[in-house]
Amino acid sequence: MSSLNRSENMQKHWRSLAELEATPEFLEKLGAEFEAGDEEAWTTSSRRRFLQLMGASVALAGATSCTWKKENIAPLADRPEGWVPGTSKTYASSFELGGYGQGLNITSYDGRPVKVEGNKLDPNSNGATSTWAQAAMLELYDPDRSRGVAQFENGNETESDWAAFDAWASANLKGAGAAILSEASASPSFMRMKAAWLAANPNAKWFTYEPVNRDNERMGCELAFKMPVRPDYNTGAAKVILALDDDLFHMHPAALRNARGFAKGRRPEDGHGMNRLWSVESTFSPTGGQADQRLPIRASQIGAFLAALEAEMGLSQVAAPKGGFLGEKKSQAFIKALAKDLLANKGAAMISVGPDQPAGVHARAQLLNVALGAVGHTVEYRPVELVYSGAGEIASLAKAVKSGAVKSLMILGGNPVYNAPADADFAGLLAELKGNTAHLSLYRDETSLSCGWHVPRAHFLEAWADTRGWDGSMTVAQPAIHPLWGGRSSIELLSSLIGEAKMAFTLVRETFSESVSRSDSAWRKAVHDGFVAPKAKGVPVTAVPLAAPQFDAATLQGEGLEIAFRADASVWDGRFANSGWLQELPDSMTKMTWDNALMLAPKTAEAEGVTTGSMVTITTAGKTLDAAVYVLPGHAQNAATLTLGYGRTAAGHVGGLLDADIRDLGFNASAIRSSKGMSWSSATILATGATYELAQTQEHHLIDQTGMQGREQRLPAIAREGSLTEFNDHPDFASHRVHHPANVSLFDKRLYDTGHKWGMTIDLATCNGCNGCTIACQSENNIPVVGKEQVIAGREMHWIRMDRYYSGDADDPQAITMPVSCTQCEMAPCEEVCPAGATTHSSEGLNDMAYNRCIGTRYCANNCPVKVRRFNFFDNTEALSKPGNETLHLMQNPEVTVRSRGVMEKCTYCVQRIHTGKHDARNEGRELRDGDIVPACAQVCPTDAIVFGDLNDPESEVNKMYSNPRNYELLSELNLQMRTHYLARIRNPHPDLAVAETADHNAHAATPEVHHG
Amino acid sequence: MSVFHFPRWSNIFRPILGITSIAAPVYLTGLFAFGASPENLNVGYKPVQPVPFSHALHAGELGMDCRYCHNTVQEANHAAIPPTATCMNCHTQLHKESDALALVRESAATGKPIQWVRVHDLPDYVRFDHSAHLHAGISCVSCHGRVDQMEVVEQVEPLSMGWCLDCHRNPEPNIRPKSEVFNLAWQADEAPHILGAKLRKEYGVNPQEDCSTCHR
């Protein structure tokens, strides 16, 4: 018998369908820990060429001097007061995505911003940020950004300047016939400038288009309350949350706040009781992965589901739709238990609906929120501006162009040629205006190429701006750097169009005086805080009764295939397509990088005769698109999901640039997304017989057959989870998942009882797999991007690997996410095998990496039990030294070494921040306080799942987490003495739906000498 | 028949070969060990600066405090080369016409920085924090020597890793009262290592030898 005793009732975990089914391809990959491949195919230099190069470099080495290169120091001629060279400063700013803002703090060294953090003062951020905000740094310094004004004629590009554009604009963008198409914005200054432009040009037209918008939600509220409001959820006060086709914790404008509130109710040891999340959705979203109860149904069936739920609750006179999926036992039991749960928690329940659902579903859900007494507790309604930004706007613009009412068009941001509805033929529309078109944009993208003019836009880190958060709070965006390429922000451009040409600062300052306060001190405070709290709480609403909805049998049956379009977690609507950081970030659920794919349920894929990587032709409403399939466990059957934002042809050297022969990535969903089916439409798919290679990270680091067996045996003991009942019976169940004989070490145990002893805990109950930590770590630690081919070869460089495990039935599995980075083992196996002494243990218990000492044997990575060491197989930072890429130098964090080829790297607990914290405390003559040092991952985490601190400080937060009953150590049987501990995840299934549980302690008495870990 | 034989006279090479095979490795090792050591390569590095600024005059004769110019040294990792504006605090009044100051006046007028030449250059993968050392009672003189006596600044210590570690392992001789850190001429009244041990306790100096102390 193995010395490991596993509890019997642990679920079987699996990472991918290939693993679950043990496909031949998967078995082939076993044994190749680092996937095999043709070296020649990856390197352009052959062996012969390699030797030539080596010979040359030896010769050159002899010729260069033996001392460091002569360096010059160029101090500022007049250094501003308080400016300390080489130290960082933090400025408050803000970031807008899809028309909603979020507060940020920008860390800047010597005048160059290097890192984005959340703004603690803004509750919409609370110190956390989205992955998109983190990636803003790469966008700012992207060498592909447009560097000046350009004119396009018959596809020929000529460089121009602002004066020429201003002359054209003052002649053409004026009076009747002029029109502006802008992206959605909540910025008060933008609204003011829009009004000013329309006042100056009373006969001109203004359109707004946002490919991913929340119009349905607003129209739903209008139906329900006859007033323009939007629901603002307080997930922290909710005991029962129902998310209908809604990725509430990732894609919502207040996702960070929603996730934080939800996490409050996920720590059962707090004594507040646990909340319960119900998720009904078509695709498997990360929010669905967090759910205690989940039901996969087609997006078009959500309305019927809601009607059945209403009928079950008996709160209104809605007749229950019958038949189809509602006739299934599973849905019936689900609806019954859900209705019971909602009714039992009146005043503490809430229902949220995804933006892709039609207005009618939103309206009914909001009326239910009112009936459940949610208003004022879990939901508040905030007034909104009446601006629509859906497909209807593009149709109105098309009509106006065709009728001759619009003769010249200025496009502010966005990329409608790429992402307007497929039936709109936006490029054709622009052609009708014969060059009387201009596009303000960060890049010379698809829309710029189709316009007469392209004008460069100032990045949000380069210009003053303001915006509003989901809760109506105002944020002031302070620039962190002068425009790198002379761009203008949209408000500056509007100001120049009305002939004022004011600076953005003046415009924002004026708006503040008009709408917030005339006082200078209020302005200074707003700039400093970056945030002004909303004036009122919520507005009172009165419910307006609605007619009962009708559902046809086809909807209930779910006949045919239905394809849903969703914003992408990496590239959103395509605007971040040129961000290598976002492209290479493995999706939370699919673990796919560099591509999107048509997601299908396993059964649907089987019925269609396709599998992951098969190419299919999708046909919907007369439009076709070839795309690769990804089989996603837990996806609704007879349904497909394709995310937006891929297939860009003029994104840049990363995201696809046909002019430079750089292939586009993924598949362009916009090509089959028509104005009648922006959210979903019926479709057919046909396998083409071709295959496509997708770069997924989920099957990496497989070791071999023996290792595979060992891991399979251990998996449930790696990501440990239990139900609330189990927790209540045995709060320390997690540490009893594995029992093993007492560990005996051959080495003397080093003690760390003086000085600092750094440790970390990661709470799996609150981690929702948002990837924030992975990308924040990338930004903080200068981690390179390697590209799709290298990801396929298993050579991604992320220091934090977000593992996602499934358990249960492949048609409706449960998911658990687990961030794993270097656990800083006290008995680190990597250190024993390093022949160069490049990785050693520090006196504070850190597993240090001295990059300049590493000779690249990779023994350490082989010996690492958690597979968190990353090797630079190539000169991944080569791009830094290419001409034209100088701006990328500015992005590097000066506190962290930029690694080169042949060097191993890994998480260091942000050792640079540890030392900065210690130095600051010493220089200020005080003791280090708990919370002074926050690693980048912990700082960005919206749910505070990651806690870092000094284990020698009895009062530290991390010490409290160590004594949490859910605390456990990975692979404790190996006696590694890891410093990173995990807290087990607790699920809270509804008692009526929970499967019977068996007592877990069968192995407890098996060995007399047991240690828990 | 026609086998080649080395001629007899070539026997003279045999002892030479023998000696060379022993001497060459010794010589080469010696060449690299001593010739390429920072002690010999870097100590004495004394580049010509664009402006003939004399520390001996300013810090020595005139007795200006180091921190008048290097004012960030107590709070930051960099001791920060002063901006041109610092020079002009005095030189708008003194030696207004001096040729030596032409570049300084030009920089002040145009706002373009003076391109000073770095003397003490650590590798880019090393992080050194001036403030941490000053707060531990380590004087400028320990690493930079008697700059107040230098006409042209030169490197006096090897600044090699071994040299750093020597002090991190045995800091006492270099710790002095914090009040005397900027007094380059200061001499301890008692044996430096005894005073240093006392101060080490008082200041809580605990120099680390972990890789990550300097390499991150």
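Order of the sequence lines fixes the chain letters, A, B, ..., with proteins taken first and strands second; residue numbering starts at 1 for each chain. Every heavy atom of this structure was used, including side-chain atoms; hydrogens, water molecules and symmetry mates were not.
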### side-chain contact (heavy atoms from CB on, under 4.5 Å) between A/Glu895 and A/Val114, intermediate numbers included
CA-CA 11 Å; A/Glu895 297 288 337; A/Val114 296; over 6 Å; no

Any chance [atom1] of [X] has more than 12 other-residue heavy atoms, nucleotides or ligands included, within less than 6.0 Å?
| X | atom1 | value |
| --- | --- | --- |
| B/Gln187 | CD | no |
| A/Lys749 | NZ | yes |
| A/Asp753 | CG | yes |

### Query
Does A/Glu924 come within less than 4.0 Å of A/Arg929, counting only side-chain N to carboxylate O?
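Looking at A/Arg929 together with A/Glu924, the answer is no, because their closest N to O distance does not fall below 4.0 Å.
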
### Query
Is the shortest distance from a Lys or Arg side-chain nitrogen in B/Arg127 or B/Asp129 to a carboxylate oxygen in the other one below 4.0 Å?
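Salt bridge flag = yes for B/Asp129 with B/Arg127.
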
### Task
Assess whether side-chain contact (heavy atoms from CB on, under 4.5 Å) is satisfied between A/Leu951 and A/Val958, documenting all intermediate values.
CA-CA 7 Å; A/Leu951 292 168; A/Val958 72; 3.9 Å; yes

Let's test your reading of the structure: which of [options] forms the most heavy-atom pairs below 4.5 Å with chain A?
| options | result |
| --- | --- |
| B/Thr86, B/Thr213, B/Val104 | B/Thr213 |
| B/His135, B/Glu209, B/Arg216, B/Gln208 | B/Arg216 |
| B/Ala136, B/Cys211, B/Ser107 | B/Cys211 |
| B/Pro82, B/Ser212, B/Pro123 | B/Ser212 |

Portion of [X] that has a non-hydrogen atom of chain A nearer than 4.5 angstrom:
| X | value |
| --- | --- |
| B/Ile81 | both |
| B/Asn206 | neither |
| B/Ala132 | both |
| B/Pro50 | neither |
| B/Asp121 | both |

#### Entry: Close side-chain approach of A/Thr823 and A/Leu976, heavy atoms under 4.5 Å
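Sidechains of A/Leu976 and A/Thr823: no contact.
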
### Query
If you tally heavy-atom pairs under 4.5 Å against chain B, which of A/Thr87, A/Asn852, A/Asp78 wins?
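When all of A/Thr87, A/Asn852, A/Asp78 are compared, A/Asn852 has the most.
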
### Message
What part of A/Ser843 gets within 4.5 angstrom of chain B, counting heavy atoms only: side chain, backbone, both, or neither?
### Response
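Contact with chain B involves both backbone and side-chain atoms of A/Ser843.
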
### Task
Please state whether the side chain, the backbone, both or neither of A/Asn923 comes within less than 4.5 Å of a heavy atom of chain B.
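For A/Asn923, backbone and side chain are both near chain B.
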
